Amino acid sequence: MDVLKDEILPQFEKETGIGTEWVEADFSGWLQKALNDGQTRAGAFDIYVMDDLWVPRFAGAGYLANLEELGFSVDTDFVPCALDLGYWPPKNGLRQPGIDAKAKPVLFSLPLVSDVQLLFYRNDIYDRPPATWDDIFRMARERSNTAKRQYGWVTRGVKGNPIANSYFVLLHAFGGDIFAENWKVAFNSPQGVEALEFYLRLLEYEPPGVAEFDSDQEGETLLQGNAHAATMWTGWCSQTDDPLRSRVIHKIDFDVPPKQVNRIAKLGLFMAGIAASAPHKPQALEFLTWFSRPDVQIRFARAGGVPYKMAAFKDPVARKNCRWLDAILNALTMGVPSPRTSDWSKVEDILGTELNRALLEKGNARRHLDAAAAEATAFLKSAGYPAA
């Protein structure tokens with residue numbers, strides 16, 4: 001985001017003569033500002049920058065302009081999974097109740113930053129990328145030394161979205177899923193329980209207090225040389241080689257999270273949609289069109305941004321400047337998004353609360369997943385889902 005704000009937007013202004021104003025707030029504060037603008041149609045913003053899981057809520061409620069109707073043209077250079085997150089209804093998978101199964105997906109937003117969870121691992125601890133989660137556990141057991149504050153793993157454990165994202169990767173790697181057919185809650189399946197039990201076994205080799213760790217604490221533990229591996233978002237990549245931030249310069253490598261039954265990465269892109277009430281729709285469309293040009297995407301990647309066009313991922317200068325780009329592209333191709341429903345945040349909060357309780361208790365995986373499943377099922381039924 002800093003690259004976009006500090007380097008790319010000034011270039012856009014210079015090349016087009018269109019002025020921009022960047023409005024920034026904390027995550028939950030910005031969500032509320034954008035929702036209020038969408039609901040009131042006040043026209044305070046032209047472009048909403050959204051977490052990809054906001055797209056169903058904003059598009060479904062009519063807060064976003066139809067980019068196809070505005071004249072945006074899609075080309076084949078987009079990373080497919082990144083572009084797909086901008087459609088509503090979703091192109092694949094389950095559809096919310098009330099949405100016609102035959103309704104044509106419409107493009108309401110575009111990728112802005114191709115964020116995805118990567119495996120960060122110490123190349124002075126691992127002589128090769130860990131292929132399986134068993135490799136992670138074995139190395140954690142062999143090389144952890146709590147007396148020297150050397151931990152084999154670190155995670156985000158705070159309740160809600162952070163721990164749910166950490167668990168998401170393991171759940172799918174162990175063969176589980178959030179939902180089965182007809183929105184039946186499935187994260188308390190045998191595979192889900194096995195994944196959480198594995199997650200809890202790693203606690204022995206993690207820093208004390210991880211149940212209260214969010215992304216900042218997780219990242220700092222790795223950058224200060226106290227952890228050997230973690231699954232983290234792409235915003236941490238450049239910081240690993242920053243001498244002002246990191247004590248492990250060039251000692252961190254990047255890969256797709258390892259396999260158990262499946263090998264997946266968690267998608268978490270930032271998306272950009274034009275507000276339905278935007279006062280400057282033509283100029284907003286011009287920015288999205290300009291930013292999607294291959295040459296601009298290459299500039300973005302070379303400066304340290306995370307692009308969404310294949311030309312930028314393949315650019316040799318960008319790949320040399322940003323040694324993590326290959327891993328990001330590989331992770332995107334194996335990426336799994338959050339369930340595409342405007343009600344996911346509620347279910348995620350329910351699940352994340354029980355996951356945190358399991359972490360605090362250091363056990364009772366089945367009980368906590370069953371409790372989350374029962375509460376999530378009741379909520380979904382009240383919201384009109386089959387949720388059998």
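Not measured: the values here are computed from a predicted model.
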> Scan side-chain atoms only and decide if D135 and Y126 contain a donor-acceptor pair under the 3.5 Å cut-off.
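No.
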> Test side-chain contact (heavy atoms from CB on, under 4.5 Å) on D255 and Y121 and set out the steps.
CA-CA 8 Å; D255 203 356; Y121 67 95; 4.1 Å; yes
> Hey, what do you get for OG (S345) to CD1 (I350), rounding to the nearest 0.5 Å?
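Separation between the atoms: 11.0 Å.
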> My understanding is that only residues two or more places apart in sequence, or in another chain, count here; which of them pass side-chain contact (heavy atoms from CB on, under 4.5 Å) with E220?
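With neighbours one apart ignored, the set is L223, Q224, W236, R245.
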> Please step through side-chain hydrogen bond (donor to acceptor under 3.5 Å, both in side chains) for the pair N165 and N161, ending with a clear verdict.
CA-CA 6 Å; N165 273 325; N161 170 272; 3.2 Å; yes
> Output yes when a side-chain donor or acceptor of D26 lies under 3.5 Å from a complementary backbone atom of G29, and no otherwise.
yes
> Taking the six-membered ring of F179, is NZ or CZ of K184 closer than 6.0 Å to its centre and within 45° of its axis?
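No, K184 does not sit over the ring of F179.
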> Checking Q117 against W233 for the side-chain hydrogen bond (donor to acceptor under 3.5 Å, both in side chains) test, could you report, in this order, the C-alpha distance in whole Å, the side-chain angles of both residues, the deciding distance, and whether it holds?
CA-CA 5 Å; Q117 280 193 45; W233 299 105; 5.7 Å; no
> Looking at R299 and E7, is there a salt bridge between them, counting it only when a charged N and a carboxylate O are closer than 4.0 Å?
no
> Has the side chain of N36 got a donor or acceptor atom that lies under 3.5 Å from a matching backbone atom of Q32?
yes
> Honestly curious: do L332 and V74 fall in one hydrophobic cluster under the side-chain, below-4.5 Å linking rule?
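Linked within one cluster.
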> Mark yes or no for whether R340, through its side chain, and R95, through its backbone, hold a donor-acceptor pair below 3.5 Å.
no
> Find the distance between OH (Y63) and CE (M50) and round it off to the nearest 0.5 Å.
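So the gap between those two atoms works out to 13.0 Å.
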> Is the distance between the ring centroids of F108 and W88 less than 6.0 Å?
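No, the ring of F108 stays outside the 6.0 Å limit from the ring of W88, centre to centre.
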> For Q283 and D46, which I'm curious about, is there any donor-acceptor pair between the side chains at under 3.5 Å?
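No, no side-chain donor-acceptor contact under 3.5 Å.
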> Is a side-chain N or O of R263 found less than 3.5 angstrom from the main chain of P257, in a donor-acceptor match?
yes
> Could you list who else is in M334's hydrophobic cluster, with ILVMFWY side chains joined at under 4.5 Å, directly or through other members?
V256
> Determine whether the aromatic ring centres of residues W54 and F27 are separated by less than 6.0 angstrom.
yes
> Assess, by modelled atom type and distance only, whether the side chains of T221 and N226 contain a donor and an acceptor separated by less than 3.5 Å.
no
> Check whether the side chains of S292 and Y308 place a donor and an acceptor atom closer than 3.5 Å, and report yes or no.
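Their side chains do contain a donor-acceptor pair, which is all the 3.5 Å distance test asks for.
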> Checking side-chain polar atoms at under 3.5 Å, does R156 have a donor or acceptor matched by the opposite partner on S166?
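Note: R156 and S166 side chains meet the donor-acceptor criterion.
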> Are L70 and F78 linked, directly or through other ILVMFWY residues, by side chains that come within less than 4.5 angstrom of each other?
yes
> Hey, what do you get for CG (L202) to CH2 (W133), rounding to the nearest 0.5 Å?
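Result: 7.5 Å between the selected atoms.
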> Show your working on side-chain contact (heavy atoms from CB on, under 4.5 Å) between L200 and L359 and close with a plain yes or no.
CA-CA 7 Å; L200 296 174; L359 211 60; 3.8 Å; yes
> Below 6.0 angstrom between ring centroids: does that apply to F291 and F300?
yes
> Take atom CZ of R149 as the centre, draw a 6.0 Å sphere, and report whether it contains more than 12 heavy atoms from other residues, nucleotides or ligands.
no
> Verify salt bridge (charged side-chain N to carboxylate O under 4.0 Å, His left out) between E24 and K5, making sure each step is shown before the conclusion.
CA-CA 10 Å; E24 194 167 295; K5 177 178 64 175; 3.2 Å; yes
> Apply side-chain hydrogen bond (donor to acceptor under 3.5 Å, both in side chains) to residues Y385 and D343 and explain how you reach the verdict.
CA-CA 10 Å; Y385 291 76; D343 295 307; 2.6 Å; yes
> Can you find a heavy atom in the side chain of M271 that is under 4.5 Å from one in the side chain of L110?
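Counting from C-beta outward, M271 and L110 never come under 4.5 Å.
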> Taking atom types as modelled and ignoring hydrogens, do the side chains of T240 and D242 form a donor-acceptor contact shorter than 3.5 angstrom?
no
> Would a 4.5 Å heavy-atom cut-off, applied to side chains only, mark I18 and E13 as touching?
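SC-SC contact between I18 and E13 ruled out.
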> Kindly indicate whether a cation-pi arrangement holds for R201 with F137, taking the cut-offs as under 6.0 Å to the six-membered ring centre and within 45° of the axis.
yes
> With hydrophobic residues grouped by side-chain heavy-atom distances under 4.5 Å, do L288 and I298 end up in a single group?
no
> Side-chain donor-acceptor pair under 3.5 Å between E206 and T155, yes or no?
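Absent: no donor and acceptor within the cut-off.
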> Please report the C-alpha distance between F12 and W290 in whole Å, then the side-chain angles of each, then the deciding distance to 0.1 Å, and finally whether the ring-ring contact (aromatic ring centres under 6.0 Å, His included) criterion is met.
CA-CA 8 Å; F12 171 73; W290 177 88; 5.2 Å; yes
> With clusters defined by side-chain heavy atoms of hydrophobic residues (ILVMFWY) lying less than 4.5 Å apart, directly or transitively, does F254 cluster with M232?
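Cluster IDs for M232 and F254 match.
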> Does the side chain of V210 reach to within under 4.5 Å of the side chain of V158, using non-hydrogen atoms?
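Sidechains of V158 and V210: no contact.
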> Within the side chain of S189, is there an N or O that forms a donor-acceptor pair under 3.5 Å with the backbone of G192?
yes
> Between the side chains of Y48 and D37, is a donor N or O closer than 3.5 angstrom to an acceptor N or O?
yes
> Is any side-chain heavy atom of Q150 less than 4.5 Å from a side-chain heavy atom of S144?
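They are not in contact (no side-chain heavy atoms under 4.5 Å apart), so the answer is no.
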> Any chance the rings of W30 and F45 have centres within less than 6.0 Å?
yes
> With heavy-atom distances below 4.5 Å as the criterion, would you say the side chains of K266 and V336 are in contact?
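Sidechains of V336 and K266: no contact.
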> Examine the side chains of Y87 and S109 and answer whether a donor and an acceptor come within less than 3.5 Å of each other.
no
> Thinking salt bridges, do K104 and E68 make one under a 4.0 Å N-O criterion?
yes
> Rounded to the nearest 0.5 Å, what separates atom CH2 in W22 from atom CD1 in I47?
9.5 Å
> State, with a plain yes or no, whether a side-chain heavy atom of P129 is found less than 4.5 Å away from one of D253.
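In short, these two side chains do not touch, never coming nearer than 4.5 Å.
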> Can Y151 be reached from I163 by stepping across I, L, V, M, F, W or Y side chains whose heavy atoms are under 4.5 Å apart?
no
> Would you call N262 and H172 a side-chain contact if the rule is heavy atoms closer than 4.5 Å?
no
> Using 4.0 Å as the upper bound for N to carboxylate O, is an ion pair formed by R366 and D370?
yes
> Determine whether P56 and T341 make a side-chain contact, defined as any pair of heavy atoms from C-beta on separated by less than 4.5 Å.
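With C-beta onward as the side chain, the pair stays apart.
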> What's the spacing between H368 NE2 and L360 CG if we round to 0.5 Å?
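So the gap between those two atoms works out to 8.5 Å.
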> R323 vs H250, test: side-chain contact (heavy atoms from CB on, under 4.5 Å). Steps then yes/no.
CA-CA 10 Å; R323 59 190 181 88; H250 301 306; 4.1 Å; yes
> Determine whether R367 and E361 satisfy the following criterion, side-chain contact (heavy atoms from CB on, under 4.5 Å), listing intermediate values before the conclusion.
CA-CA 11 Å; R367 178 164 63 83; E361 294 176 13; 2.9 Å; yes
> Using only atom types and a distance under 3.5 Å, with no angle test, would you say the side chain of D75 pairs donor to acceptor with the backbone of D77?
yes
> Could D100 and K102 be called an ion pair, given the rule that one side-chain N must be under 4.0 Å from one carboxylate O?
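Looking at K102 together with D100, the answer is no, because their closest N to O distance does not fall below 4.0 Å.
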> Can you measure from CD (E15) to CD (Q11) and round to the nearest 0.5 angstrom?
6.5 Å
